[in-house]
Amino acid sequence: ALERNSHGRGTQFDTPSLLGIWATAPYLHDGSAETLADVLRMGKEHNVADGISEKHFHDLISFLLALPNE
């Protein structure tokens, strides 16, 4: 009854790799975030922007965009 996903793992979530994340937009399961910045500012669950300085936020986005695709 608790199964929420059709992949047979119940309520567990398989976290995807960050490698090449810059090539996979739009983001989230429904494509509702067009950019990585949108993901990291979204809702209570994903919003890290409020907890760090603007410089650190931009540094984080730069880091994610610099990750290789392999």
Side-chain angles (χ1 to χ4, degrees):
L2 294 177
E3 177 108 8
R4 295 182 191 170
N5 304 301
S6 61
H7 50 61
R9 290 188 295 261
T11 57
Q12 295 176 349
F13 186 78
D14 183 19
T15 305
S17 172
L18 293 177
L19 295 178
I21 194 168
W22 45 266
T24 61
Y27 303 99
L28 301 179
H29 70 284
D30 59 358
S32 61
E34 291 185 29
T35 68
L36 291 171
D38 291 341
V39 171
L40 297 175
R41 286 187 173 117
M42 187 168 281
K44 293 188 296 187
E45 297 84 13
H46 302 284
N47 190 347
V48 298
D50 286 346
I52 61 176
S53 70
E54 192 67 22
K55 180 190 180 323
H56 285 155
F57 182 75
H58 288 291
D59 289 347
L60 175 58
I61 297 297
S62 295
F63 169 77
L64 293 172
L65 293 174
L67 291 172
N69 201 14
E70 303 178 353

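Fair warning: this is a prediction, and the values are worked out from it, not measured in the lab.
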For [X] versus [Y], what's the shortest heavy-atom pair and its separation?
X     : Y     : result
Tyr27 : Val39 : CB-CG2, 3.3 Å
Gly31 : Pro26 : O-CB, 3.5 Å
Gly20 : Asn69 : CA-OD1, 3.3 Å

If you round to the nearest 0.5 Å, how far is CG of Leu19 from CG of Leu64?
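The CG atom of Leu19 is 11.0 Å from CG of Leu64, to the nearest 0.5 Å.
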Mind checking the CD1-CG spacing from Ile61 to Leu40? Nearest 0.5 Å is all I need.
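So the CD1 of Ile61 and the CG of Leu40 are separated by 4.5 Å.
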Do Asp59 and Ile52 come close enough that some side-chain heavy atom pair is under 4.5 Å?
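Counting from C-beta outward, Asp59 and Ile52 never come under 4.5 Å.
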Does the side chain of Leu67 reach to within under 4.5 Å of the side chain of Phe63, using non-hydrogen atoms?
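They are in side-chain contact.
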Can a salt bridge be assigned to the pair Arg41 and Glu34 using a cut-off of 4.0 Å between side-chain N and carboxylate O?
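Between Glu34 and Arg41 there is no salt bridge, as every charged N stays at least 4.0 Å from the carboxylate O atoms.
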My understanding is that only residues two or more places apart in sequence, or in another chain, count here; which of them pass salt bridge (Lys or Arg N to Asp or Glu O under 4.0 Å) with Asp38?
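Salt bridge (Lys or Arg N to Asp or Glu O under 4.0 Å) check on Asp38 returns nothing, list empty.
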